Amino acid sequence: MTGVVLERFLADEAATARLGEDLAMSLRPGDVLALKGDLGAGKSSLARALIRAMTDDAGLDVPSPTFTLVQSYEARVPVHHFDLYRLSSASELDELGFDEALAQGAAMVEWPERAEAYLPKTSVLIELVHQDDGRLARLSGQGAAVERAARSLAMREFLERAGWGEARRRYFIGDASARSYEIVSLAGLPPRVLMNSPRLVLGPPIRDGKPYAVIAHTAQSVSAFVAIDRALRAGGVSAPEVHAQDLDQGFLLLEHLGSEGFLGKRGEPVAERYAAAAELLAMMHGKAWPDRIEAAPGVFHDVPPFDRDAMIIEAELLLDWYVPAMSGGPASDALRAGYTKEWNAVLDRLEGREYTLMLRDFHSPNIIWRGERTGHDRLGIVDVQDALIGPSAYDLASLAMDARVTISPEIERRTLGAYIAARHKAGVFNEDEFVETYAMMAAQRNSKILGIFVRLEKRDGKPYYLKHLPRIRDYLRRALAHPALAGLRDFYTAHGLLEERPL
């Protein structure tokens with residue numbers, strides 16, 4: 001088999017268990033791990049560690065499936081453990097529901113040679129053999145599954161270099177991008193966050209020879225996170241300390257700011273927390289922020305501007321994805337021309353407005369509540385790599401019209417009011433101009449999000465984002481109610497862009 005080949009010496013059972021954890025962190029639905037090895041080579045130990053890591057249950061009983069042929073486990077990714085030793089024919093895999101198992105989860109297969117051609121060509125082969133006083137694990141395969149496994153093993157090596165090689169790894173959270181996060185823990189030390197941020201894969205050129213991510217100024221490497229994080233911490237914002245970094249591979253070992261989310265116990269918005277976050281923004285917007293920041297010796301990050309090209313191409317996601325999903329066909333040339341004209345007229349009004357460091361995704365998924373602390377330190381801020389220099393009102397619009405939770409008009413008003421009061425208290429502040437810019441940025445952001453959430457379903461197979469669309473349409477209607485956006489509102493209304501339509 002050609003492709004990736006990796007070898008790891010496993011000195012003892014603890015090392016075998018760590019390999020199981022490493023493989024568990026890389027597992028996705030449809031993956032197949034084919035386990036080969038003589039009796040006592042460690043297949044059961046490896047499988048047990050992987051399943052316990054997937055279920056986050058260190059004491060889980062993991063019996064051998066020698067007699068049952070398959071054992072299934074509910075987890076973040078359902079895991080099905082097959083033992084094919086007693087299989088008389090590969091066709092019996094149909095009766096065991098092998099295809100169904102891969103459709104909704106991942107599989108570990110012992111005695112994979114008995115499956116013949118039933119195993120996908122993208123299976124990861126894991127061969128275990130005795131070597132000296134330990135065992136040698138040899139991983140081989142081709143395709144995304146083995147590449148993810150290789151990256152997970154590289155993350156373990158990164159932890160070893162940071163002095164955390166024996167840490168326990170557990171999945172923490174992923175987001176709409178390729179980034180993922182784990183909680184890593186060592187006895188006697190506070191847990192930390194392991195950030196896996198592969199370099200952004202740029203898509204094809206779409207305008208002026210540039211890919212979308214370049215025009216929209218999406219961060220392309222983890223250096224952006226490190227740089228913005230350092231600037232925020234220096235400016236009095238509680239962003240995570242970076243304990244170790246590998247900028248080339250995209251690995252960071254971060255301070256764990258806490259586990260309490262920004263929302264209430266039932267996932268509801270808490271008005272006082274949103275007001276506190278608005279006051280933090282007011283503090284930040286009273287400071288001068290650098291636009292060139294050092295991420296490592298000799299490695300600098302230039303904070304891009306949120307310029308007109310970026311604003312327009314983001315807003316056009318509504319035409320690219322939302323309109324076709326709603327209407328059954330692509331946006332017409334006339335619709336595109338009119339849409340761009342109206343948006344350019346709106347953006348003309350930004351001339352001379354207040355610009356500052358703009359975090360871009362300042363909303364509940366990226367804020368940690370630390371109620372035992374005081375002042376701005378109650379708010380832990382994460383996911384900052386896409387920060388730009390842009391209108392100060394943008395982040396408040398992101399917060400007060402939170403895309404993931406329904407913010408009532410009353411809580412929105414209170415959030416906006418808390419910000420405005422803090423700005424007035426700090427010095428001269430043009431409230432009317434800010435409120436107008438807030439409406440403009442809220443309209444731009446929610447237009448973009450309508451497109452992104454449909455794209456996540458259509459392109460990336462993540463249908464759960466569609467449930468947010470009615471909320472985003474409501475936010476968009478609120479933003480467009482500002483008198484300064486009357487022309488844009490009339491255009492959206494005339495073309496049915498604000499109508500409630502099932503997808």
Side-chain angles (χ1 to χ4, degrees), residues 29 174-178 200-218 306-347 360-361 363 386 394 397-398 401-404 406 439-481 485 487-503:
D175 61 21
S177 73
L200 183 68
V201 177
L202 298 177
I206 62 170
R207 184 171 300 164
D208 300 328
K210 299 177 182 178
Y212 173 87
V214 171
I215 301 170
H217 304 306
T218 305
F306 194 34
D307 53 28
R308 184 180 297 249
D309 287 346
M311 293 182 191
I312 289 290
I313 204 162
E314 284 189 349
E316 286 178 349
L317 290 174
L318 181 144
L319 301 180
D320 297 337
W321 294 94
Y322 180 77
V323 167
M326 294 296 111
S327 66
S332 67
D333 291 344
L335 177 60
R336 284 187 172 277
Y339 187 82
T340 303
K341 178 183 177 182
E342 292 296 336
W343 267 112
N344 273 310
V346 169
L347 299 181
R360 207 177 201 174
D361 280 316
H363 57 168
D386 287 323
Y394 186 97
S398 176
M401 295 189 183
D402 195 326
R404 309 296 181 90
T406 299
M440 294 160 60
M441 292 295 95
Q444 189 274 347
R445 177 173 172 81
N446 286 294
S447 296
K448 172 186 75 170
I449 292 175
L450 282 179
I452 285 178
F453 283 177
V454 173
R455 185 179 69 184
L456 285 166
E457 190 267 338
K458 297 295 184 184
R459 189 190 71 182
D460 303 331
K462 299 177 179 180
Y464 37 88
Y465 283 92
L466 297 182
K467 66 182 180 182
H468 300 302
L469 294 185
R471 175 189 310 121
I472 304 304
R473 283 190 290 260
D474 178 57
Y475 289 161
L476 188 51
R477 285 190 286 264
R478 289 189 210 173
L480 292 173
L485 300 180
L488 189 63
R489 179 180 66 249
D490 291 345
F491 183 87
Y492 274 58
T493 301
H495 291 87
L497 300 179
L498 300 176
E499 295 177 4
E500 292 298 321
R501 301 182 186 179
L503 189 63

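These numbers were taken from a predicted model, which means no experiment stands behind them.
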Do R445 and E314 come close enough that some side-chain heavy atom pair is under 4.5 Å?
no
Test item: Y492 and E499 side chains (from C-beta on) under 4.5 Å apart, heavy atoms
no
I452 side chain reached by K448 side chain, heavy atoms, under 4.5 Å:
yes
Given S447 and L317, is the side chain to side chain contact (heavy atoms under 4.5 Å, CB included) satisfied, shown in steps?
CA-CA 7 Å; S447 296; L317 290 174; over 6 Å; no
Begin from the C-alpha positions of R489 and R477 and carry the test side chain to side chain contact (heavy atoms under 4.5 Å, CB included) through to its verdict.
CA-CA 8 Å; R489 179 180 66 249; R477 285 190 286 264; over 6 Å; no
Distance-only donor-acceptor check, side chains Y322 and R501, under 3.5 Å
no
Any sub-3.5 Å donor-acceptor pair from R207's side-chain atoms to Y212's backbone N or O?
no
What distance do L480 atom CG and L497 atom CG have between them, rounded to the nearest 0.5 Å?
9.5 Å
Can you tell me how far apart CG (L319) and NE2 (H495) are? Round to the nearest 0.5 Å.
10.0 Å
To the nearest 0.5 Å, how far apart are CD1 in I472 and CG in L318?
11.5 Å
Please report the closest heavy-atom contact between F453 and L469, naming both atoms and the distance.
CB-CD2, 3.9 Å
I'd like to know if the side chain of D208 reaches the main chain of K210, judged simply by a donor and an acceptor atom lying under 3.5 Å from each other, with no hydrogens or angles considered.
no
Roughly how far apart are T218 OG1 and D386 CG, rounded to 0.5 Å?
5.5 Å
Walk me through whether N344 and R308 qualify under side chain to side chain contact (heavy atoms under 4.5 Å, CB included).
CA-CA 8 Å; N344 273 310; R308 184 180 297 249; 2.9 Å; yes
Does the side chain of H217 come under 3.5 Å of the side chain of D307 through a donor N or O and an acceptor N or O?
yes
Mind listing the closest non-hydrogen atom pair of M401 and A442 along with its distance?
SD-CB, 3.8 Å
Looking only at non-hydrogen atoms, find the nearest pair between Q444 and A315 and report the distance.
NE2-N, 4.0 Å
Any luck finding a side-chain donor-acceptor pair between R360 and S398 under 3.5 Å?
no
Please answer whether the main-chain N or O of Y464 pairs with a side-chain N or O of E457 as donor and acceptor at a distance below 3.5 Å.
no
Parallel, tilted or perpendicular: which one describes the rings of Y394 and F306, with boundaries at 30° and 60°?
perpendicular
Locate the shortest heavy-atom distance separating L485 from A439; write the atom from each residue and the value.
CD1-O, 3.5 Å
Which class fits the ring pair Y339 and W343: parallel under 30°, tilted 30 to 60°, perpendicular over 60°?
perpendicular
Separation between CD1 (I313) and CG (D320), nearest 0.5 Å, reads 8.0 Å
Any side-chain heavy atom of I206 sitting closer than 4.5 Å to one from I215?
yes
Determine the minimum heavy-atom distance between A479 and A443, stating which atoms define it.
CB-N, 3.6 Å
Working to the nearest 0.5 Å, report the span between CZ of R336 and OG1 of T340.
7.5 Å
Do R473 and N446 meet the criterion of a side-chain donor-acceptor pair at a distance under 3.5 Å?
no
Looking at every non-hydrogen atom in both residues, tell me the closest pair between L347 and M311 and how far apart they are.
CD2-SD, 3.6 Å
Short question: side chain of R455, backbone of D460 - any donor-acceptor pair under 3.5 Å?
no
